[in-house]
Amino acid sequence: MESLKLHLLRLARRGPVEVPGLPLRAYPLLAPEERPPKAFYLLLEGELVIDLPEGRYLHLKRGEAAWITEPHRLLPVEGAVLLELPA
């Protein structure tokens with residue numbers, strides 16, 4: 001495989017992007033989404049609230065990341081672009 005350069009943010013703004021040979025994807029999140037446990041998120045753009053069990057939550061801003069090990073809900077704040085690496 002040849003070397004590959006991707007501008008993930010620019011590509012992901014238009015729709016989901018998967019990287020060949022890697023289990024990660026970048027995508028725009030425009031509406032709340034229920035997610036299973038175990039995922040790593042890097043917020044490429046926007047803001048994101050991650051709703052966790054027992055009333056807990058994480059608030060991510062651009063450039064921040066989170067490793068989540070329990071079921072959760074993703075709540076974009078006026079849209080978000082995420083890089084996700086499932087476990």
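Note: hydrogens, waters and symmetry copies are ignored here, and every other heavy atom, side chains too, is used. Counting from 1, the numbers follow the sequence of the chain as shown.
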Under a 4.5 Å side-chain heavy-atom rule over Ile, Leu, Val, Met, Phe, Trp and Tyr, are [X] and [Y] clustered together?
| X | Y | value |
| --- | --- | --- |
| Leu74 | Leu58 | yes |
| Leu85 | Leu42 | yes |
| Leu11 | Val19 | yes |
| Leu44 | Phe40 | yes |

If you take all heavy atoms of [X] and [Y], which pair is closest and at what distance?
| X | Y | result |
| --- | --- | --- |
| Ala12 | Tyr27 | CB-N, 3.8 Å |
| Pro23 | Pro86 | O-CD, 2.9 Å |
| Pro16 | Pro28 | N-CD, 4.1 Å |
| Ala66 | Leu60 | CB-CD1, 4.1 Å |
| Pro32 | Pro76 | N-CD, 3.9 Å |

Point to revise | Over 12 foreign heavy atoms within 6.0 Å of OH, Tyr57 | key: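 No, the 6.0 Å shell around OH holds no more than 12 heavy atoms from other groups.
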
Exercise for review: Verify the neighbour count for atom CZ of Arg56: are there more than 12 heavy atoms of other residues, nucleotides or ligands below 6.0 Å?
Suggested key: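 Correct, the count exceeds 12.
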
Check your understanding: Does a salt bridge link Glu64 with Arg62, judged by any charged N lying under 4.0 Å from a carboxylate O?
Key ->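 Not counted as a salt bridge, because no side-chain N and carboxylate O are separated by less than 4.0 Å.
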
Point to revise | All salt bridge (charged side-chain N to carboxylate O under 4.0 Å, His left out) counterparts of Arg13, not counting sequence neighbours | key: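 Glu45.
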
Check your understanding: Tyr41 versus Ile68: any side-chain heavy-atom pair under 4.5 Å?
Key ->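 Heavy-atom side-chain distance check passes, below 4.5 Å.
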
Practice item. Among Leu8, Leu9, Val17, find the residue that satisfies the side-chain contact (heavy atoms from CB on, under 4.5 Å) test when tested with Val81. Key: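 For Val81, the side-chain contact (heavy atoms from CB on, under 4.5 Å) test succeeds with only one of Leu8, Leu9, Val17, which is Leu9.
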
Exercise for review: Scan Glu84, His72, Glu70 and name whichever one has a side-chain hydrogen bond (donor to acceptor under 3.5 Å, both in side chains) with Arg35.
Suggested key: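 Answer after filtering Glu84, His72, Glu70: Glu84.
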
With a cut-off of 3.5 Å and sequence neighbours excluded, list every side-chain donor-acceptor pair involving residues 47-55.
residue : atom : partner : partner atom : Å
Glu47   : OE1  : His59   : NE2          : 2.6

